[in-house]
Protein chains: 2
Amino acid sequence: MKIDTPARPRPRGRPREFDELKALDQAMLVFWRLGYEGASVADLTGAMGITAPSLYAAFGSKEGLYRRVLERYQTGPGAYTWTALTEEPTARGAIERVLRESARVFTRRKHPHGCMISTAVLRCAEAHQPVADLVASLRTSAVELFRERIARGIEAGELPPGTDASAMARYHGAILQGMSVQAQDGASEAELLGLVDVAMRAWGGGAGRPRAR
Amino acid sequence: MKIDTPARPRPRGRPREFDELKALDQAMLVFWRLGYEGASVADLTGAMGITAPSLYAAFGSKEGLYRRVLERYQTGPGAYTWTALTEEPTARGAIERVLRESARVFTRRKHPHGCMISTAVLRCAEAHQPVADLVASLRTSAVELFRERIARGIEAGELPPGTDASAMARYHGAILQGMSVQAQDGASEAELLGLVDVAMRAWGGGAGRPRAR
DNA sequence: CGATTTCAATAGTGAGCGTTATGAAAATCG
DNA sequence: CGATTTTCATAACGCTCACTATTGAAATCG
């Protein structure tokens, strides 16, 4: 038997001519580079290779498209954060890995520098406040992930029982957000890694992992 | 003798009906809250209490007004940074004071939270790139101020001779920028101060100044 | 096949953007 | 006083914004 897409019979009418995921990836690059307010629908449709009516039929609105892009960012370019936090055996190792991988990812040339969420929609017109609130909640969620990982590290005895997990989480969140700002301002991977070296001193006990300097 | 404005004879035509500095302060609050792109000329003229032609006669353009506002921010609400860096006797004390004062200033209720420059115009439409470049240069200048202060601290023997002043400066710049993001996202002064406590551990040697916890 | 359904392209919609032309009002100068 | 200069207020400028009505093309269904 020949089944090209299992449980997915060809839909009724004229088939869509563009790949929704590829279009989302192109839209992501535009939003990433220009920001939510700075990206016009014309910019988006141009990069996505579709017309405005197609965009609105598929995503509802510019805001709807942005929300879809944010979801895709989290499971795509931004997924390394969640991966590092769950894979590494210690809290310190997990967070250090997030920071060091961020130094590399934030300065890649295949996409705009910096994190798409850390430095997105900070100030905006009142009409776009719902979008700003959403992005802000994504940032606070990331800090909360840090806090949970550190709290588990405390329970595991990696850190002194009196450690302030919230303060530690906000601290590393700030480092990440600051790295994103500086990556956008032109900092290199090496410069960001040097910053991380300093940042990890807050964990005490000398250098985190021995690195050639 | 009676001289109201010394060396400033009443100018020729109809006198201006608004105070330029007060208008700048009102414009500052609008740009601070909504960002450069998010603030419309209508928002600005409304807050400044003047009409659009008056704005253009006095400041040239929206961009010109923004540049004037940035200058005024640096000598006004943002001046504490320069003050702390020059007044404090040690590099560590100077930078710690910048961070602690920032925690307070970033959460004041008399103006929008966060720093007006640290988190301004990060992404924007290509038409506004000159503005983005200007603000980015202000950020890198701030980091450079940190670097110079730390370098002087090294020369003074406060820090080991091998200390990487650039990395230390970028680190504290990132802390400041991250604090600005979190202040905008709703962090309290106490939360930011807890963050600073952690950040200052990078200087080694236990707690910076003994604080009640 | 004809009927139906969905998509794509053209061509626009009203609203808001930053900006400015116009003319009256308010000051100084001679 | 009249002439000049500058500012103020009204009203609009052209343009771009996000968004959509319309129409025809391309697929499946019966």
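Here is how names work: the chains are called A, B, and so on, in the same order as the sequence lines, proteins then strands, and each is numbered from 1.
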Problem set entry | Rounded interatomic separation in angstrom, taking NZ from K62(B) and P from dT16(D) | 16 Å

Seminar exercise, completed: Closest to the side chain of P53(B), out of dA9(D), dG18(C), dA27(C), is dA9(D)

For this session: Look at D197(B) together with R100(B) and state whether they make a salt bridge at an N to O cut-off of under 4.0 Å.
Result: yes

For this session: Using a heavy-atom cut-off of under 4.0 Å over every strand shown, decide if A52(B) touches base, sugar-phosphate, or nothing.
Result: base

Problem set entry | Spacing between L65(A) atom CG and dC17(D) atom C1', to the nearest angstrom | 16 Å

Exercise. What are the two closest heavy atoms between I117(B) and V135(B), and how far apart are they?
Worked result: O-CG1, 3.7 Å

For this session: Using atom CD of E17(B) as one end and atom C1' of dA26(C) as the other, report the distance to the nearest whole Å.
Result: 8 Å

Problem set entry | Any side-chain donor near an acceptor of the partner, Y80(B) and S102(B), under 3.5 Å | yes

Problem set entry | Spacing of D19(B) atom CG relative to dT7(D) atom C1', expressed in whole Å | 16 Å

Exercise. Taking NZ, NE, NH1 and NH2 as the nitrogens, is one of them in E148(A) or R152(A) under 4.0 Å from a carboxylate oxygen of the other?
Worked result: no

Problem set entry | Residue S61(A), side-chain heavy atoms: nucleotide from dT19(C), dC19(D), dA8(C) that is nearest | dC19(D)

Exercise. Mind checking whether Y36(B) and F31(B) have parallel, tilted or perpendicular rings, split at 30° and 60°?
Worked result: parallel

Exercise. Of all of residues 30-47 of chain B, which get a heavy atom below 4.0 angstrom from DNA chain C, listed by number?
Worked result: A39(B), S40(B), V41(B)

For this session: Please state how far atom CD in E20(A) lies from atom P in dA8(C), giving the value in whole angstrom units.
Result: 11 Å

For this session: Examine dA8(C): is either OP1 or OP2 under 4.0 Å from a nitrogen or oxygen in the side chain of S54(A)? Give yes or no.
Result: yes

For this session: Look at the side-chain N and O atoms of Y56(B) and state whether any lies under 4.0 Å from the OP1 or OP2 oxygen of dT19(C).
Result: yes

Problem set entry | Nearest-angstrom distance from the residue atom CD of E126(B) to P of dT16(D) | 14 Å

Problem set entry | Distance flag, aromatic centroids of H113(A) and W32(A), threshold under 6.0 Å | no

Problem set entry | Ring-face cation of K62(B) near Y56(B) (centre distance under 6.0 Å, axis angle within 45°) | no

Exercise. What's the closest nucleotide to the T51(A) side chain, out of dA8(C), dA27(C), dA9(D)?
Worked result: dA8(C)

For this session: Please state how far atom CZ in F59(B) lies from atom C1' in dG18(C), giving the value in whole angstrom units.
Result: 16 Å

Seminar exercise, completed: Winner on side-chain proximity to R14(B), out of dA9(C), dT20(D), dT7(D), is dT7(D)

Problem set entry | Distance, rounded to the nearest Å, where Y66(A) contributes OH and dC17(D) contributes P | 18 Å

